[in-house]
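The next block holds one structure in the form of structure tokens; read it before the comments.
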Amino acid sequence: MSSRSHLLNDRTAEHYRRSLHDGVERVAAKLAGAGQPFTGVTPAELAPTVSAVDLEQPLGTAREALDELERVYLRDAVYFHHPRYLAHLNCPVVIPAVLGEAVISAVNSSLDTWDQSAGGTLIERRLVEWTAQRIGFGRAADGIFTSGGSQSNLQALLLAREETCRLVRKNSETSPSTPQILPQLRILTSECSHFSIEKSAVLLGLGPEAVIPVACDERRRMRADALAEQLARCESAGQTVMAVVATAGTTDFGSIDPLPDVADLCAAAGVWLHVDAAYGCGLLASRRRRALLTGIERADSVTVDYHKSFFQPVSSSAVLVRDKDTLRHVTYHADYLNPTHSVEKGLPNQVDKSIQTTRRFDALKLWMTLRVMGADAVGELFDEVVDRAADAWKLLDADDRFEVVVTPELSTLVFRYVPAGDPDGAGTDQALTDQANLHARDALFASGEALVAGTVVDGRHHLKFTLLNPETSLADIATVLDLIAGHAGRYLEAHGHAPALSAAQA
């Protein structure tokens with residue numbers, strides 16, 4: 001075949017159709033036949049297979065490439081659709097979104113300017129408007145799709161920084177420069193918030209010390225009184241709080257900060273409020289739990305990750321702002337791309353709102369989802385996993401083999417295997433119990449039977465279920481708990497301690 005025969009165009013449409021059909025068939029077969037979420041392959045085992053591929057020697061046909069892909073990727077991929085994948089914030093995806101993904105790749109629109117996307121620009125703008133309405137923002141709201149929550153948080157804090165610097169200059173007799181202002185800027189956020197807040201501070205020239213953690217309550221939510229204390233402390237120290245970041249769904253606990261109380265404090269202090277709802281944004285589509293996000297409409301900016309709780313393929317995120325004028329802080333003009341005369345003509349160039357230039361038409365996936373399923377169906381799926389987490393908490397709470405940290409607000413459970421008859425760990429070396437929990441997670445991963453996550457709570461190693469699959473049953477969860485207890489118990493036995501017993505076994 002000639003080189004040109006591989007280009008997607010009017011003459012190769014049939015070749016495109018056959019190639020994608022073969023690829024879809026291959027993936028469908030893997031999905032249908034996946035008996036567990038992972039094979040347990042190790043880097044040492046898989047790396048030689050990948051390294052042996054000679055990239056200088058093409059195979060020639062898509063079918064041969066798919067055969068090879070089976071060996072280097074598909075066979076050992078981690079399959080999030082499996083009901084015993086319980087690890088990170090990775091969701092199974094809905095079919096309309098996958099259909100949208102296929103269209104995106106083939107047409108290959110770039111959403112930076114109108115003359116590269118046309119209808120794609122309007123679809124993205126309509127979805128931003130729809131999301132803003134769901135949040136409760138007014139008609140002055142706007143936003144942009146991004147690659148993920150970290151980028152959304154970065155852009156929101158960039159806008160907050162620029163707005164704060166503008167206000168400092170406006171209220172100062174000397175009109176200090178931005179470099180003069182930056183050392184005094186601070187960001188207040190929950191001690192359980194996402195690490196991207198600190199990373200954003202570094203990228204924005206503030207340094208990690210600019211992020212001040214605010215104490216949480218026993219439910220791992222930001223304490224409003226602690227936030228008030230930090231706001232007052234910053235003021236007395238001559239520091240300027242450029243943003244308060246509240247979290248609607250922390251990564252570890254799924255906790256939702258008290259948004260109305262936080263909003264009151266920010267309004268009184270004249271401080272930008274950003275709500276990181278990357279995880280909890282699924283509540284925007286819930287008919288039963290939308291009230292958990294009450295107060296989010298008072299934020300200045302909001303992060304949403306559709307590729308978490310809207311069941312979208314990666315990447316699909318957005319940052320929304322209550323006042324579209326604040327997006328001017330990321331507007332730059334290039335003569336070859338979005339010259340000023342295009343603004344005069346009223347052309348809707350999305351690059352004017354984004355920190356990216358070339359950008360995929362990821363909005364189409366959500367568009368297809370809403371047009372085929374509707375928002376209520378998405379909300380029902382998210383409600384199912386939240387319901388399952390509530391039932392799983394009861395299961396864990398009644399099981400003497402485990403201690404669970406908090407009652408979940410969303411779909412995350414953080415827990416810890418404990419030795420028999422020693423729920424507080426008083427009679428067992430805590431470090432040994434830590435190692436038993438770490439071993440259980442590693443052994444489960446190595447078996448491929450199920451995947452769970454881990455985290456550290458109050459200095460001790462814990463395990464974590466992140467439920468995002470409505471197909472995960474309580475029986476699946478019970479089975480995984482038995483597997484964890486078996487691995488941890490055998491580890492303790494090997495180190496001279498008796499394993500824990502379930503209530504039924506006792």
Side-chain angles (χ1 to χ4, degrees), residues 6-9 12-13 15-32 34 37 62 65-66 69-70 72-74 77-82 85 88-112 116-128 130-131 143-152 278 281-282 285 304-319 350 354 356 358-375 377-378 381-382 468-471:
H6 296 291
L7 291 173
L8 178 56
N9 54 41
T12 58
H15 175 43
Y16 158 73
R17 182 182 291 111
R18 289 195 305 270
S19 294
L20 262 65
H21 178 269
D22 288 346
V24 168
E25 284 295 314
R26 196 72 62 111
V27 173
K30 295 302 296 183
L31 294 173
L66 286 169
L69 190 65
E70 175 81 21
V72 299
Y73 175 60
L74 291 175
V78 177
Y79 286 99
F80 303 145
H81 77 284
H82 195 280
Y85 178 87
H88 303 286
L89 280 165
N90 305 117
C91 61
V93 295
V94 292
I95 294 172
V98 178
L99 174 59
E101 186 74 71
V103 176
I104 292 166
S105 299
V107 181
N108 201 33
S109 296
S110 181
L111 264 287
D112 40 339
Q116 298 177 75
S117 61
T121 292
L122 301 181
I123 286 173
E124 179 173 277
R125 288 191 166 204
R126 181 69 185 90
L127 286 170
V128 165
W130 176 82
T131 306
I144 197 77
F145 271 64
T146 72
S147 66
S150 293
Q151 185 187 325
S152 292
C281 65
V304 296
D305 267 11
Y306 308 107
H307 61 225
K308 288 187 172 68
S309 45
F310 272 71
F311 307 96
Q312 300 294 291
V314 175
S315 299
S316 186
S317 179
V319 58
Q350 293 292 82
S354 177
Q356 293 174 264
T358 302
R359 193 164 50 83
R360 297 181 83 241
F361 183 22
D362 286 314
L364 182 60
K365 294 176 286 192
L366 180 60
W367 180 271
M368 292 296 290
T369 300
L370 295 180
R371 300 313 300 139
V372 175
M373 295 172 55
V378 173
L381 292 176
F382 191 56
L468 279 179
N469 190 346
E471 295 290 329

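Only heavy atoms go into these numbers, but all of them, side chains included; no hydrogens, no water, no symmetry mates. Numbering of residues begins at 1 and proceeds along the displayed sequence.
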Identify the heavy atoms of [X] and [Y] that sit nearest to each other, and give their distance.
| X | Y | value |
| --- | --- | --- |
| Asp305 | Gly149 | OD1-N, 3.0 Å |
| Arg26 | Leu74 | CG-CD1, 3.8 Å |
| Cys281 | Ser309 | SG-OG, 3.5 Å |
| His81 | Asn469 | O-ND2, 2.8 Å |
| Pro92 | Pro470 | CG-CD, 4.4 Å |
| Pro96 | Met373 | CG-CG, 4.1 Å |

message = Does Glu471, at its CD atom, have more than 12 non-hydrogen atoms belonging to other residues, nucleotides or ligands within less than 6.0 Å?
response =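 Atom CD in Glu471 is not packed in, count stays at 12 or less.
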
ask   = Is the number of heavy atoms from other residues, nucleotides or ligands within 6.0 Å of CG (Leu122) greater than 12?
value =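 Counting neighbours around CG of Leu122, more than 12 heavy atoms of other residues, nucleotides or ligands fall under 6.0 Å, so yes.
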
ask   = What residues, two or more places apart in sequence or in another chain, satisfy ring pair (Phe, Tyr, Trp, His ring centres under 6.0 Å) together with Tyr85?
value =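 With sequence neighbours excluded, Tyr85 shows a ring pair (Phe, Tyr, Trp, His ring centres under 6.0 Å) to Phe80, given in chain and number order.
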
query = Between Ser105 (side chain) and Ala102 (backbone), is there a donor-acceptor pair under 3.5 Å?
reply =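 The answer is no, because no donor-acceptor pair under 3.5 Å joins these two groups.
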
task = Could you check whether the rings of Tyr306 and Phe145 sit parallel, tilted or perpendicular, using 30° and 60° as the cut-offs?
result =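 Answer is parallel, since the angle falls under 30°.
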
From [atom1] ([X]) to [atom2] ([Y]), nearest 0.5 Å:
| X | Y | atom1 | atom2 | answer |
| --- | --- | --- | --- | --- |
| Ser316 | Leu364 | OG | CG | 10.0 Å |
| Lys30 | Leu69 | NZ | CG | 10.5 Å |
| Glu124 | Gln350 | CD | CD | 4.5 Å |
| Arg125 | Ile144 | CZ | CD1 | 8.0 Å |
| Phe361 | Thr121 | CZ | OG1 | 8.0 Å |
| Ser19 | His6 | OG | NE2 | 9.5 Å |

ask   = Is a side-chain donor-acceptor pair under 3.5 Å present for Ser152 with Thr146?
value =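 Yes, Ser152 and Thr146 have a side-chain donor paired with an acceptor closer than 3.5 Å.
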
request  = For the pair Phe310 and Thr369, evaluate side chain to side chain contact (heavy atoms under 4.5 Å, CB included) and give the outcome as yes or no after the intermediate values.
outcome  = CA-CA 9 Å; Phe310 272 71; Thr369 300; over 6 Å; no

request  = Show the numbers, then the answer: is there a side chain to side chain contact (heavy atoms under 4.5 Å, CB included) between Leu468 and Leu89?
outcome  = CA-CA 7 Å; Leu468 279 179; Leu89 280 165; 3.9 Å; yes

key: Worked verdict on Val94 versus Leu381 for side chain to side chain contact (heavy atoms under 4.5 Å, CB included)   = CA-CA 10 Å; Val94 292; Leu381 292 176; 4.2 Å; yes

task = Please name all residues satisfying salt bridge (Lys or Arg N to Asp or Glu O under 4.0 Å) with Asp362, sequence neighbours left out, ordered by chain then number.
result =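 Once residues adjacent in sequence are excluded, the partners of Asp362 under the salt bridge (Lys or Arg N to Asp or Glu O under 4.0 Å) criterion are Arg360, Lys365.
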
Any residue meeting salt bridge (Lys or Arg N to Asp or Glu O under 4.0 Å) with Arg371, in chain and number order, not counting sequence neighbours =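 For Arg371, no residue satisfies salt bridge (Lys or Arg N to Asp or Glu O under 4.0 Å) once neighbours in sequence are set aside.
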
key: Derivation and outcome, side chain to side chain contact (heavy atoms under 4.5 Å, CB included), residues Leu370 and Leu127   = CA-CA 10 Å; Leu370 295 180; Leu127 286 170; 3.7 Å; yes

